[in-house]
Structures are given as structure tokens and as C-alpha cells.
Amino acid sequence: MSVNVFDVLKERGFIAQTTHEDEIRDMLGKEPVTFYIGFDPTADSLHVGHFIQIMVMMHMQQAGHRPIALVGGGTAMVGDPSGRTDMRKMMTIDTIRHNAESFKKQLSRFLDFSEGKAVMVNNADWLLDLNYVEFLREIGVHFSVNRMLTAECFRSRLERGLSFLEFNYMLMQSYDFLMLYRKYNCKMQLGGDDQWSNILGGAELIRRVEGGSAYGMTFTLLTTSEGKKMGKTEAGALWLDPAKTSPYDFYQYWRNVDDADVMKCLALLTFLPMDEVRRLGSLKDEKINEAKKVLAYEVTKLVHGREEADKARAAAEALFGGGGAGAEVPGSTISMVQFRENANIIDILLLLGLIPSKGEGRRLIQQGGIYVNDERIDDIGHTLADNDLKDGSLMIRKGKKVYHKVTVKD
RNA sequence: GGAGGAGUACCCAAGUGGCCAAAGGGGGCAGACUGUAAAUCUGUUAGCUCAGCUUUCGGUGGUUCAAAUCCACCCUCCUCCA
């Protein structure tokens, strides 16, 4: 092994906390290591927050280590209190099962699961059949409530309330680590920095029960320079599922990150060499737009593939760069009948889902935020006519950045 | 189980009979300025058949010409006691 993956992760800014920095570095440098990261299926798609963990797994796999992707079909039944200020809604078993399937599909796109190079497990397989008393006697005995309560993730919740259900989450996750240690000789657990206490719990459990050495490492959460969580949009999270967040929107999200966050995102979310990352990240003023284009393209390519990334980039250039009459511009197709029945500008905006209510539409127009074929609409009673169509389509723009191409077919 | 306290729009939070579709802040959206950035400034932020009407202040019912505001019951959360 030429370059130690630990150094790579460190240089790129992934690592937040480690249990034993030197030992971990040594181990990763001299032998293939089996490690795991857990993903609780709380939604039907992974999002960008998960993607950073996936990046880590890819880096590790490339360095010859073996990732275990754990889908938390069992732990999702309980809900992780870490990083939450309020109680989670309990999820139904069917929902969790469905989500777990989606997670599996998405994860298998990023890692090579052939020939045992990576493993996918679901902790429902061992958690759901546990016997309560046995579990308490075998595992529960090793946990000190006093100590757990001093953990940051519980302390914040003591003020707002913490159910016994959630309190057990740490034990379940610790048990996962123990199971994987026994079954796969899994020696490391990685995760987001909010997982630190849970990871420590597992590493300590293994040391106590098995006398073995287990390690943990956490990664920076993706936050903006102002400390806000990244990957959140008004519509919710930035999903990896193209049906939930279109590749175009995904591209645009990264195209529009703050100047201050460009370098961090390039390091964490692309495989570009660090020299290049540093070069792009140090660009100033409007030059930094080049870096943002690279970022948007590279991340979209990783998540959605080259073809989708090309399309997203072409659409962006057509719309913002005044380039060719964009082919892959986001939009929708309606029938001639629909077009004529909704000729009123507000009706068509509503039909296209660009506004949530007519009141919103009136406001937008009154404030000059709606354009049809690049002409500002200033009358809330404006109606579209057939000759607004150019080659059977027209372009509606809302604000500065939201483009929607309407194609009308018979 | 007992004693107190609280539940207001996307979030925080003011409002304790009419002047309340509800102050202020945050967030969002739009405009100006710009680099598809940030900061700043301005407007806006329940719905509709929009200078009028309808629905909204945990829920249900009541008092009143008039209720977010008063009364009754219920639900949820918090604190202290057991």
C-alpha cells in the first residue's frame, strides 16, 4: 500500500474524532481491515448526509479495506435520539422494510459487493428476535446509566424528554458492532460525528465482552461555513434518488454553494486530487464559479452517473450562459387542451406546480418575479396565447433561477 | 396518583373581550445590487370568485352583539411531589 488511507481521509478533512489515532493509522496502513457504517432507513432514499459516509467507504474500499454497509432495519424501530431535540415519530414496520430495500439498492451502486469485497447486512436479522431478559443480562449489564447520561447526545435530551425506548438505542447499536466483530471480525465502526457516543459504546462493549480491540472514528458533518447543516433545501433533504431530487436540481444545489464552502465540498464529495482541490478552492471572486461548476459536475457524476451529469450541466449552461437552446431543461409536457384551459398565467403556474397557491402567484407577478419567454409578466390577469409557443413550447421563469420549460402536445 | 405551568402562523415569540389574518425576530419567496456566491437594502409571507368573503391561535361545547382572549370538559407537553 502506497498511501495510507488514514492520511487521505485526514488530508481531505473527513476525520472528526478517533478512538486511538495512532493505532488506527498503523492498522489501516499494514493490513486489510473490515469496518462498518450503519444507515437507519428513516426515509425511502439516502440523502447527501449519507453520501459523505459513502465517500468514506469508497475511499476505504479503494485502499483495500472491506466495508460492511449496515442497514438499520432493527434500530430504525427504536429511533436514534442523537442529534435530535425532540422525539422521533415511531415508524411502522412496513415502512421500515420498504425503506431498507431502497437503501440496499442505492448502496449497491456505490460499492463493489462482488467476491466479498463488501458486505451488506441488516441488523433486523439479529435485533428483532432478541430475548429481553437475556439481552439485559448479556449486554445491559455492561452499561452504566450514570455514564450514559453524561453523554452529550442524552444530556441535551434530558431537558426536553427522552423515552426509555430511545434510551436503549445506544445498546442496540453497540450490540450491532459486537455481532459484526464476532461474525466478520469487524474491527472499526465509522459514522457521522453525531454517532460518537454510540460508536464508543460498541467499542467498549467489545473490549469488555471479548477482550478484543475495536476502534471507532467519526467524520465531519457536512455543514456550511456558518455551521448550518448542508444538503437541506426548502423541499427537504437533498436526496440521492433522482425521482425525489432531480439531477438538475442536485447539480444546481452544488453550483450555488457559498464561496467559503467550495473547497470543503470538493475535498469531501469528489475524488479530485487534493492539489486540484486546493487550486480550485483558492480561486477568487468570479473565478470561483469555475470551481463551483467542477464541484457540481463531479458530485452529480458520482451520484447520478456521467450521462445525467452531462445533461444537467448542458441545461445549466443553456439557461444561465445563454448557450444553445437547451435541450435538457427541466420542465413538463401538457396537452393542448390543458394549455388552453389554463391559459391564465396564474392557472398555468399552479398546474405546473411552480406555486402552491394562487395568492402566491399574484404576489410573484406583482413583485415582478415571473417571466414568460424572458418577458416579465406584470399583469395578474395575463393570459397565454397560442403564439406564445415557439416550436410547441415556452419557457417560464420564476425568480432568477427557477426555469420551467412547458412543452405542449396534442 | 397529587400540586403547579404551558400549548399562538414554517420556527421562536408578543398578544388576556372589539382597533387581530394576529406585534417582533428567524426562515422562505420576490425585487435592487452582483459572480447562478456572500453581505446589504426594499417588498412580501392563510385561502379564495381578492378593495369583498371564507378558514385560522391544542380539541369540543358554551357565555357574548363581538372570543386567541371569559367559562366547562377533554387532549398533549413540562416542572415539583409519590
Side-chain angles (χ1 to χ4, degrees), chain A residues 84-90 156-166 223-238 246-266 280-297 299-300 312-323 326 328-330 341-342 344-347 349-350 352-372 374-383 395-404:
Chain A
R84 296 214 131 220
T85 52
D86 52 348
M87 218 146 54
R88 277 177 189 274
K89 268 192 298 192
M90 283 250 262
S156 51
R157 286 293 299 277
L158 286 177
E159 284 156 31
R160 299 202 50 99
L162 173 70
S163 69
F164 186 67
L165 175 83
E166 291 176 291
T223 52
T224 67
S225 51
E226 287 153 11
K228 290 188 212 136
K229 266 193 193 171
M230 280 188 85
K232 292 279 178 199
T233 67
E234 263 322 283
L238 198 62
S246 74
Y248 174 80
D249 288 335
F250 190 86
Y251 179 96
Q252 283 298 318
Y253 182 87
W254 302 109
R255 178 63 186 79
N256 284 310
V257 295
D258 289 7
D259 290 4
D261 298 320
V262 172
M263 177 134 57
K264 176 166 60 183
C265 290
L266 282 166
L280 288 167
S282 60
L283 292 173
K284 290 278 178 280
D285 302 325
E286 55 182 303
K287 293 256 174 50
I288 201 164
N289 280 317
E290 286 313 306
K292 294 186 189 181
K293 284 180 192 168
V294 173
L295 170 68
Y297 181 75
V299 184
T300 309
R313 182 168 63 182
E317 271 165 17
L319 293 173
F320 293 99
E328 296 294 343
V329 170
E341 280 177 357
N342 296 280
N344 179 281
I345 183 68
I346 290 177
D347 289 337
L349 289 171
L350 197 62
L352 299 171
L354 287 170
I355 52 171
S357 71
K358 294 190 179 181
E360 174 80 20
R362 289 188 197 96
R363 204 173 302 125
L364 271 165
I365 291 166
Q366 278 157 3
Q367 296 184 140
I370 292 293
Y371 298 76
V372 171
D374 266 332
E375 297 218 10
R376 181 180 275 186
I377 304 296
D378 46 19
D379 171 19
I380 60 171
H382 185 87
T383 35
M395 182 64 75
I396 294 182
R397 172 154 69 93
K398 178 187 133 194
K400 270 177 285 204
K401 294 180 199 164
V402 181
Y403 288 87
H404 196 101

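Chain A is the first sequence line, chain B the second, and so forth, proteins listed ahead of strands; every chain is numbered from 1.
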Colleague: Could you check which of B/rU36, B/rA37, B/rG31 has an atom nearest any side-chain atom of A/Tyr371?
Modeller: B/rG31
Colleague: Take atom C1' in B/rC11 and the same atom in B/rU45, then report the distance between them in whole Å.
Modeller: 14 Å
Colleague: Just name whichever nucleotide pairs with B/rG47, Watson-Crick or G-U, keeping both distances under 3.5 Å, else none.
Modeller: B/rC53
Colleague: Residues two or more places apart in sequence or in another chain: which of them pass salt bridge (Lys or Arg N to Asp or Glu O under 4.0 Å) with A/Asp259?
Modeller: A/Lys292
Colleague: What nucleotide, of B/rA30, B/rU36, B/rG35, holds the atom closest to the side chain of A/Lys398?
Modeller: B/rA30
Colleague: Between B/rA68 and B/rG15, how far apart are the C1' atoms? Round to whole Å, please.
Modeller: 8 Å
Colleague: In whole angstroms, how far is the C1' atom of B/rU42 from the CD atom of A/Gln366?
Modeller: 16 Å
Colleague: Is there a Watson-Crick or G-U wobble partner for B/rA14 with both distances under 3.5 Å, and if so, which one is it?
Modeller: none
Colleague: Using modelled atom types and a 3.5 Å cut-off, is there a donor and acceptor pairing between side-chain atoms of A/Asp261 and backbone atoms of A/Val257?
Modeller: no
Colleague: Could you work out, with side chain to side chain donor-acceptor pair (under 3.5 Å) as the rule, every residue matching A/Tyr297, not counting sequence neighbours?
Modeller: A/Asp310
Colleague: Ignoring the backbone of A/Glu286, work out which of B/rU36, B/rG35, B/rC33 is nearest its side chain.
Modeller: B/rG35
Colleague: Applying salt bridge (Lys or Arg N to Asp or Glu O under 4.0 Å), name anything that partners A/Asp374, two or more places apart in sequence or on another chain.
Modeller: A/Arg397
Colleague: Any sub-3.5 Å donor-acceptor pair from A/Asn289's side-chain atoms to A/Glu286's backbone N or O?
Modeller: yes
Colleague: Any side-chain N or O of A/Lys401 below 4.0 angstrom from OP1/OP2 of B/rA37?
Modeller: yes
Colleague: Give A/Lys292 one of three labels, base, sugar-phosphate or nothing, depending on what nucleic acid heavy atoms sit under 4.0 Å from its own.
Modeller: base
Colleague: I need the A/Arg363 CZ to A/Ile380 CD1 distance, nearest 0.5 Å.
Modeller: 11.5 Å
Colleague: Expressed as a whole number of Å, how far does the P atom of B/rG58 sit from that of B/rU8?
Modeller: 6 Å
Colleague: Between B/rG7 and B/rU69, how far apart are the two C1' atoms, rounded to whole Å?
Modeller: 15 Å
Colleague: Using whole Å, report how far CG of A/Asp261 lies from C1' of B/rG35.
Modeller: 16 Å
Colleague: I'd like the P distance from B/rG17 over to B/rC71, given in whole Å.
Modeller: 12 Å
Colleague: Report yes if at least one side-chain N or O of A/Lys358 is closer than 4.0 Å to OP1 or OP2 of B/rU49; otherwise report no.
Modeller: yes
Colleague: Mind listing the N/O atom pairs, protein and nucleotides 43-46 of chain B, below 3.5 Å?
Modeller:
| unit_1 | atom_1 | unit_2 | atom_2 | d |
| --- | --- | --- | --- | --- |
| B/rG43 | N2 | A/Gln367 | OE1 | 3.1 |
| B/rG43 | N2 | A/Gln367 | NE2 | 3.1 |
| B/rG43 | N3 | A/Gln367 | OE1 | 3.1 |
| B/rU44 | O4' | A/Gln367 | OE1 | 3.2 |
| B/rU44 | O2' | A/Arg363 | NE | 3.1 |

Colleague: Could you tell me the separation between the CG atom of A/Asn256 and the P atom of B/rA39, rounded to a whole number of Å?
Modeller: 13 Å
Colleague: Can you tell me, in whole Å, how much space there is between the C1' of B/rA67 and that of B/rC19?
Modeller: 15 Å
Colleague: May I ask which nucleotide in the shown strands pairs with B/rA72, Watson-Crick or G-U wobble, both distances under 3.5 Å?
Modeller: B/rU60
Colleague: Taking any strand in view, what nucleotide pairs with B/rC41 in a Watson-Crick or G-U wobble way, both distances under 3.5 Å?
Modeller: B/rG31
Colleague: Atom CG of A/Asn344 to atom P of B/rC48: distance rounded to whole Å?
Modeller: 13 Å
Colleague: Considering only side-chain heavy atoms of A/Leu364, which listed nucleotide, B/rG31, B/rC29, B/rG35, is closest?
Modeller: B/rC29
Colleague: Within the distance-only criterion (no hydrogens, no angle test), does the side chain of A/Asp258 pair as donor or acceptor with the backbone N or O of A/Ala260 below 3.5 angstrom?
Modeller: no
Colleague: By nearest atom, which of the nucleotides B/rU34, B/rA30, B/rA38 is closest to the A/Asp258 side chain?
Modeller: B/rA38
Colleague: If you look at every strand shown and take non-hydrogen atoms under 4.0 Å, does A/Val257 touch a base, only sugar-phosphate, or nothing?
Modeller: sugar-phosphate
Colleague: Please check this pair: side chain of A/Asp285 against backbone of A/Lys287, looking for a donor-acceptor N/O pair closer than 3.5 Å.
Modeller: no
Colleague: I would like to know whether A/His382 and A/Val372 meet side-chain contact (heavy atoms from CB on, under 4.5 Å); could you show each step before the answer?
Modeller: CA-CA 11 Å; A/His382 185 87; A/Val372 171; 5.5 Å; no
Colleague: Measure across A/Leu266 and A/Leu280 and return the closest heavy-atom pair with its distance rounded to 0.1 Å.
Modeller: CD1-CB, 3.8 Å
Colleague: Find the distance A/Lys293:NZ to B/rU36:C1' and express it as a whole number of Å.
Modeller: 10 Å
Colleague: In whole Å, measure the gap between the P atoms of B/rA23 and B/rC57 for me.
Modeller: 16 Å
Colleague: Using atom CD1 of A/Ile396 as one end and atom P of B/rA30 as the other, report the distance to the nearest whole Å.
Modeller: 15 Å
Colleague: Between A/Tyr251 and A/Gly399, which is nearer to the 5' end of RNA chain B once each is assigned its nearest nucleotide?
Modeller: A/Gly399
Colleague: Check whether any side-chain N or O of A/Arg255 sits under 3.5 Å from a backbone N or O of A/Lys293 as a donor-acceptor pair, and report yes or no.
Modeller: no
Colleague: If you measure from the C1' atom in B/rA38 to the same atom in B/rA32, how many Å do you get, rounded?
Modeller: 16 Å
Colleague: Taking all non-hydrogen atoms of both residues into account, name the closest pair between A/Ile365 and A/Ile377 and its distance.
Modeller: CG2-O, 3.5 Å
Colleague: What is the separation between atom CG on A/Asn289 and atom C1' on B/rU34, rounded to the nearest whole Å?
Modeller: 11 Å
Colleague: Return the pairing partner of B/rG4 with a 3.5 Å limit on both distances, Watson-Crick or G-U wobble; otherwise return none.
Modeller: B/rC78
Colleague: With sequence neighbours left out, write down each residue that passes side chain to side chain donor-acceptor pair (under 3.5 Å) with A/Arg313, or none if nothing qualifies.
Modeller: none
Colleague: Answer yes or no: side-chain N or O of A/Gln252 and base N or O of B/rU36 forming a donor-acceptor pair under 3.5 Å.
Modeller: yes
Colleague: Both A/Lys400 and A/Pro356 contact RNA chain B. Taking the nearest nucleotide for each, which residue is further toward the 5' end?
Modeller: A/Lys400
Colleague: If B/rA21 has a Watson-Crick or G-U wobble mate with both distances under 3.5 Å, name it; if not, just say none.
Modeller: none
Colleague: Have a look at A/Ile370 and say if it touches a base, only the backbone sugar-phosphate, or nothing, with a 4.0 Å heavy-atom cut-off.
Modeller: nothing
Colleague: Can you tell me the distance, in whole Å, between the CZ atom of A/Arg397 and the P atom of B/rC29?
Modeller: 16 Å
Colleague: Near RNA chain B, which residues from residues 374-383 of chain A have a heavy atom under 4.0 Å away?
Modeller: A/Arg376
